[in-house]
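Worksheet: one structure, shown below.
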Protein chains: 2
Amino acid sequence: MSIRDLARHLDISIGTVSRALNGKADVNPETRERVLEAAKQLGYVPNQSGRSLRQGTTNTIGFMIESTIETVDNGGSFFMPVFEGVQSVFRRHHLDLVALLCGTDEDPASYLNRVVARRFVDGLIISATARSDPRIDFLLERKIPFVALGRSATKGDYPWIDLDFEGVASQAVQRLAGFGHRRIAIGTPASDINLGYLFLDGYRRALADHGIAFDPELVLPANGNEEGGYQVACALLAQNPMPTAIILVNENMAIGLYRRLHEAGIQPGRDIAVIGFRESTQSRFLSPTLTCFRISLRDLGIKLAEALLATLPAFASQYPREKVALIWPMELVPGESDGPMPSSAA
Amino acid sequence: MSIRDLARHLDISIGTVSRALNGKADVNPETRERVLEAAKQLGYVPNQSGRSLRQGTTNTIGFMIESTIETVDNGGSFFMPVFEGVQSVFRRHHLDLVALLCGTDEDPASYLNRVVARRFVDGLIISATARSDPRIDFLLERKIPFVALGRSATKGDYPWIDLDFEGVASQAVQRLAGFGHRRIAIGTPASDINLGYLFLDGYRRALADHGIAFDPELVLPANGNEEGGYQVACALLAQNPMPTAIILVNENMAIGLYRRLHEAGIQPGRDIAVIGFRESTQSRFLSPTLTCFRISLRDLGIKLAEALLATLPAFASQYPREKVALIWPMELVPGESDGPMPSSAA
DNA sequence: GTGAAAGCGCTAACAA
DNA sequence: TTGTTAGCGCTTTCAC
């Protein structure tokens, strides 16, 4: 069922059929009606390759995620709501969203190169930005519309949105300092991912603001998953005196941390203050509930989509915003896992 | 940078360039060398739309997932490892995997219709099969290669792989009955998803095998997430006498169930026996650890990919298997959350 | 308001 | 072994 078949069936030219289907003005309303009716009847949908070849656009947006140890296990719970938000915007513009999964054994930059060169997508959302990220230079140079979920030290004029890692670290320190804590540990990502630096920066600045000396011993790098949280707890327990508070950069860490603390008979909120990162369905059901930060991932997705649309030539007029460079705030959700200094340690 | 540019640059015909790049036999080794070298040099990658239009294939496989309440929150942790496995196979064949995300506000069947009609993908993996699933009829009728992750009552000759829900339910009942439990409750999905029926079937059969009467009061439907688990626990607590054991159909339920039990001062493994569904990074770090079932989602993905390849005309010769209809076994992982009947209730 | 025809990039059939 | 050319399905320009 090609446009030719449809035209033959209606006994009009394919040019007219095309124009009718694409809502061009110069077509008889009655003819259009007939065409649309027949298309529906016969289940005709234009072949995307034909359109793409002719128009040079694919009407498809790629959201690139890398399967790392952290995302394979848990990343889905972060990305799925974001996708949902992105898609809700794109659907209005008849753009399709596809998730581009860069495997663990493939270099992200060369994967991206392939996707772009094949003209697979009209625009891209990239995530997990590295401190120095060659993908950004590449996309800028090729003038491929994209938006980054995550900042990077890589320079250039491109839109990005990132979570407020410094703000989270800083709010957490402030809250804990207010409770009287001074030995505040921090669980950071073990990898080179950019957010780790931001998180640490916010932590250090907030410590300084509260006149607390920075102690490198209290920075505990680990993988951003349950296992990592378990190791962070081990590292905490090994210290003497043990820190009275811990801030985590990743929501999944909390699960493993809770486990190890439980094994040691230490209860969050009573014996140690714990502040997690992102509120998740899990964190709400931990016992005791986790003090953490709330964010609407769906809204984040919506904003990402809008930021990208503003850079797409075909849609820029509808989204005539400035280039987005946005640090997305996160809202503290108090739980039972932190509070005043345990009296024994005071 | 099109094939024409590349040919001009090398001063040979585009036909030769095409054949050289596609590894055809009838091309001078020296020429091929030059072509490949130049392509690399100039960063040439064939335009996918051009190829697709000509060949009628897109070299892309779609993995359709629906964003439901359950998958948006937690589905990622299930699907990501599956994707990784699928992709590891496809990469060898230069097939790209894209996740097709059917939004909550779109009908799965019509979404699929669009994807197929646009010729977006060469083959499909569909998931979350419904008891009666129109997508299956549609794909069979259109002769689109596909494999289903999940069984369905919809008839037809198509490959599918599914988790062994009956087996899990039956093993769980057997284990609990062996511990002396007789009032064994079950948390099932509230939706019409096919696996709910299978799970319940296995449960009922296993009860019968052990001479335990089926009590509809002990079937507790809920959403397959933390919230649902919480509600299941509420329902348990409301019964008098309370069931001595509970089997869950979903790993995320365990988190919420643990929370509610903890609030009530009831400890899994001591006061009630809990058997969860799939082992996850989280379940391993729950306290007490959850008795559940292990499955390699990556291997499942690999099998899915192979099953699909066997139905793709271009690859069938390399994967000449029978049509796959596979119930994937799951291996019991004993945890601390179940055990002999509590003496007080014995 | 409609039809005819060019051409997007590519591969495959055929000719040389 | 290489060059030439038709044509995949579609949109768009131009002529009518």
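For clarity, every value in this text was computed on a predicted model and none was experimentally measured. Sequence lines set the chain letters: A, B, ... in the order given, protein chains first and strands last, and positions in each chain run from 1.
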Item to complete: Whole angstrom is fine here: how far is it from CD in A:Gln48 over to P in C:dG9?
Response: 16 Å

Discussion item. Over all strands shown, is B:Thr31 touching base, sugar-phosphate only, or nothing at heavy-atom distances under 4.0 angstrom?
Written reply: sugar-phosphate

Worksheet item: Mapping B:Ser13 and A:Leu53 to their closest nucleotides on DNA chain D, which lands nearer the 5' end?
Response: B:Ser13

Worksheet item: Any donor-acceptor pair under 3.5 Å joining the side chain of A:Arg19 to the base of C:dG3?
Response: yes

Worksheet item: Going by the angle between their ring planes, with limits at 30° and 60°, are B:Phe83 and B:Phe63 parallel, tilted or perpendicular?
Response: perpendicular

Practice prompt. Check the distance between C:dG9's C1' and B:Leu21's CG and give it to me in whole angstrom.
Written response: 13 Å

Fill in: Interatomic distance, A:Ile14 CD1 vs C:dG7 C1' [rounded to whole Å]
12 Å

Worksheet item: What's the CD1-C1' distance between A:Ile3 and D:dT11, to the nearest Å?
Response: 8 Å

Worksheet item: C:dG9 phosphate, OP1 or OP2: any side-chain N/O from B:Arg4 under 4.0 angstrom?
Response: no

Worksheet item: Under 4.0 Å: is that the gap between some side-chain N or O of A:Tyr44 and OP1 or OP2 of D:dC10?
Response: yes

Worksheet item: Which part of the nucleic acid does B:Asp26 contact within heavy-atom distance under 4.0 Å: base, sugar-phosphate only, or nothing?
Response: base

Worksheet item: When you look at A:His9 and A:Tyr44, which way does the ring-ring contact (aromatic ring centres under 6.0 Å, His included) test go after all the steps?
Response: CA-CA 12 Å; A:His9 176 261; A:Tyr44 170 77; over 10 Å; no

Worksheet item: Expressed in angstrom and rounded to an integer, what is the separation of A:Lys24 atom NZ from C:dG3 atom C1'?
Response: 17 Å

Practice prompt. In whole angstrom, give the distance that lies between atom CG of A:Asp11 and atom C1' of C:dG3.
Written response: 12 Å

Practice prompt. Determine: side-chain N/O of A:Asn22 to OP1/OP2 of D:dT11, distance under 4.0 Å, yes or no.
Written response: yes

Item to complete: Report yes if some heavy atom in the side chain of B:Val89 is under 4.5 Å from a heavy atom in the side chain of B:Leu309; otherwise report no.
Response: yes

Worksheet entry | Nearest to side-chain heavy atoms of A:Ser18, which nucleotide of D:dT11, D:dT1, C:dT11 | D:dT11

Worksheet item: For the side chain of A:Arg54, counting heavy atoms from C-beta on, which of D:dT2, D:dT12, C:dG3 is nearest?
Response: D:dT12

Discussion item. With a 4.0 Å cutoff (strictly under), does any side-chain N or O of B:Gln55 reach OP1 or OP2 of C:dA12?
Written reply: yes

Worksheet item: For DNA chain C, whose closest nucleotide is more 5', that of A:Pro29 or that of B:Met1?
Response: A:Pro29

Worksheet item: Taking atom CZ of A:Arg119 as the centre, does the number of heavy atoms from other residues, nucleotides or ligands within less than 6.0 Å exceed 12?
Response: no

Response to the item:
Looking only at D:dG3, C:dG1, C:dC8, the nucleotide nearest the A:Asn28 side chain is C:dG1

Response to the item:
note: B:Arg8, atom CZ; C:dC10, atom P; distance rounded to Å ~ 12 Å

Item to complete: Please state whether the rings of B:Tyr319 and B:His93 are parallel, tilted or perpendicular, taking 30° and 60° as the class boundaries.
Response: perpendicular

Discussion item. We want to know whether B:Thr58 and B:Asp122 form a side-chain donor-acceptor pair, criterion being a heavy-atom distance below 3.5 angstrom.
Written reply: yes

Worksheet item: DNA chain D: B:Val17 or A:Asn47, which has the more 5' nearest nucleotide?
Response: B:Val17

Item to complete: Starting at atom CZ of B:Arg119, determine the distance to atom P of C:dC10, rounded to an integer number of angstrom.
Response: 22 Å

